[in-house]
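Keep in mind it's a predicted model, so treat the numbers as computed, not measured. Letters go in sequence order (proteins before strands), and every chain restarts at 1.
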2 protein chains.
Amino acid sequence: MAEETKFFKTAFSVDNVIFGFDDGDLKVLLIERGEDPYVGMWALPGDLVYPNEDIDSSATRVLKELTGLENVYLEQVKAFGAVERHPLGRVITIAYYSLIKISSNKLKTSSFAKKAKWHSIKQVETLAFDHSEILKASILLLKKSIRNRPIGFELLPPKFTLTQLQHLYEAVLDAELDKRNFRKKILSMGLLEDIDEMQEGVAHRPARLYRFDKQKYETLMAEGFVFELSDSKKLMGTTKQ
Amino acid sequence: MAEETKFFKTAFSVDNVIFGFDDGDLKVLLIERGEDPYVGMWALPGDLVYPNEDIDSSATRVLKELTGLENVYLEQVKAFGAVERHPLGRVITIAYYSLIKISSNKLKTSSFAKKAKWHSIKQVETLAFDHSEILKASILLLKKSIRNRPIGFELLPPKFTLTQLQHLYEAVLDAELDKRNFRKKILSMGLLEDIDEMQEGVAHRPARLYRFDKQKYETLMAEGFVFELSDSKKLMGTTKQ
DNA sequence: TCAAAAGTGTTCTTATTACACCCATGG
DNA sequence: CCATGGGTGTAATAAGAACACTTTTGA
């Protein structure tokens, strides 16, 4: 700690808001702090930026150290730089958010990762540092981004049903969507490939499985196609509450 | 410089993309560098962040030192932190953009400001550091923001004509808009107050003057109103090129 | 009287919304 | 045979797009 305090005079860090989707709920991966400051509280995973490391690489590294995952959707949220945001010194942090498929992920067993746990974003208590504020900003950005870019798929397994996709959107946007309108809209974009497979072992009529066609998206993009879902105030169905 | 080089081992800075609108053109305020590195090149105005200064305050200060203006629209773009972005050391910079009314602004005469000049964004050459990249990201963000928030008014004098407003949108979005559709749309939002004054001294039929009703906007916001202009791919008229 | 920009409505087309029933499976 | 979620179409409404002529002023 004494060592670190020196280092901490002025430093940059990255903090990573790692989103996952499971059990119909949007989740965020948090770490229980094992040391002061804020010992025992939950915090976003992060680290100081190494001297010879780009900030993007730093965020990628944190994610990999924690989850073992690479080639994952990762985007900068913004920098947070209030003077007193870190009690040990002047630390400006750059927040990132990433989207991962929880199912395909076993958390690593490093000491770092051992204290990690998925939290439903509905039930996150107050976090260490200014991390509550960072989380809030990240959720807002995610809500916005998911309507303008086809990133929802990053949170689902490669093969998914339309209902899974709809529930994902509902969780992120915190609103209810109309089933028929949602399907019509999303299928009309032509980005989903019906892979002619069915769900198995469910106690109801099995659903078709789809796959996101990334190549098709890139082709359409080049032609000026714009991914867009209507505003969440009036959505594609009934607004919650 | 030797002094500064020491300081520069690792530091944070802010860079401010100051937009203005004049003569039908979107402009950005740049500074000619008087010292190495990149002496003689144009750069975004910026400064190191003081040890006891929030990053937002730092951006506000840079803006004030340069233009004398306070209470101006200012928003963070994002952080730029490639390892080799600054030749003298590791400097992570936080980019901001601000919107000012050029007309109401006489640049200050500090040595800092003496080298400042408005450049049409259509004619900006390669900038110092990674500032070309920062400018590009800022313009993209501005294009997006101007469609989702009523910030265009920040670039116009308090009283303006609908044609001025339309030209502003056309300059920012880099597209042509249909006059009738634009007016219908913007007036239907109910955010413009017709102040019953007319343009004077123009060699054609004088236009009505309007004022942006900020209070009205806040009231509507609270009721769930969403400011939104349709996507620039299909806009409110004919797309350029 | 000319040039320049202001101002104004309607029709067509497309996208969004609201809404209810039958189907396939496992237990 | 029941419970569960899968799957489907249509009509009404709202929003966006296309489009041309008259008006007012100063020079």
Within 45° of the six-membered ring axis of Phe212(B) and under 6.0 Å from that ring's centre, is NZ or CZ of Lys214(B) located there?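 Negative - Lys214(B) is either too far from the ring of Phe212(B) or too far off its axis.
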
Atom-to-atom span, [atom1] of [X] to [atom2] of [N] - whole angstrom:
{"X": "Asp178(A)", "N": "dA15(C)", "atom1": "CG", "atom2": "P", "result": "18 Å"}
{"X": "Leu209(A)", "N": "dA24(C)", "atom1": "CG", "atom2": "P", "result": "17 Å"}
{"X": "Phe182(A)", "N": "dG9(D)", "atom1": "CZ", "atom2": "C1'", "result": "18 Å"}
{"X": "Leu187(B)", "N": "dG9(C)", "atom1": "CG", "atom2": "C1'", "result": "14 Å"}
{"X": "Asn181(B)", "N": "dC19(D)", "atom1": "CG", "atom2": "P", "result": "11 Å"}
{"X": "Arg183(B)", "N": "dA17(D)", "atom1": "CZ", "atom2": "C1'", "result": "18 Å"}
{"X": "Ile186(B)", "N": "dT8(C)", "atom1": "CD1", "atom2": "C1'", "result": "17 Å"}
{"X": "Leu177(B)", "N": "dA5(C)", "atom1": "CG", "atom2": "C1'", "result": "17 Å"}

Candidate list Asn16(B), Asp56(B), Asp15(B), Thr60(B), test side chain to side chain donor-acceptor pair (under 3.5 Å), partner Tyr96(B), passing option: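 Only one option passes, and that is Asp56(B).
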
Under 3.5 Å, side chain of [X] to main-chain N/O of [Y], donor-acceptor pair present?
{"X": "Gln164(A)", "Y": "Thr161(A)", "answer": "yes"}
{"X": "Glu154(A)", "Y": "Ile151(A)", "answer": "no"}
{"X": "Lys185(B)", "Y": "Leu229(B)", "answer": "no"}

Minimum-distance nucleotide to Lys185(B) side chain [options: dG16(D), dC19(D), dT17(C)]: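 That would be dG16(D).
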
Of residues 159-166 of chain A, the positions that come close to DNA chain D - non-hydrogen atoms, cut-off under 4.0 Å: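 Residues of residues 159-166 of chain A under 4.0 Å from DNA chain D: Thr163(A).
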
Flag the pair Phe21(A) / Val172(A) as yes when at least one side-chain heavy-atom distance between them is below 4.5 Å, and no otherwise.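 The answer is no; the side chains never approach within 4.5 Å.
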
Gln166(B) versus Ile186(B): any side-chain heavy-atom pair under 4.5 Å?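 No, too far: nothing below the 4.5 Å cut-off.
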
Hey, is the side chain of Ser230(A) poking within less than 4.0 Å of OP1 or OP2 on dA15(C), counting only N and O atoms?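 No, Ser230(A) has no side-chain N/O under 4.0 Å of OP1/OP2 on dA15(C).
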
Any donor-acceptor pair under 3.5 Å joining the side chain of Lys184(A) to the base of dT16(C)?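 It does not, because no donor-acceptor pair links the side chain of Lys184(A) to the base of dT16(C) below 3.5 Å.
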
Taking Val202(B) as the fixed residue, which of Glu200(B), Gln199(B), Arg205(B) is the one that meets the side chain to side chain contact (heavy atoms under 4.5 Å, CB included) rule?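 So the option named by the test is Gln199(B).
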
One character per nucleotide, please: for nucleotides 20-27 of chain D, 5' to 3', B when the base has a protein heavy atom closer than 4.0 Å, S when only the sugar-phosphate does, - otherwise. B--BBBS-

With sequence neighbours excluded, residues passing salt bridge (charged side-chain N to carboxylate O under 4.0 Å, His left out) with Asp22(A):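 Salt bridge (charged side-chain N to carboxylate O under 4.0 Å, His left out) check on Asp22(A) returns nothing, list empty.
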
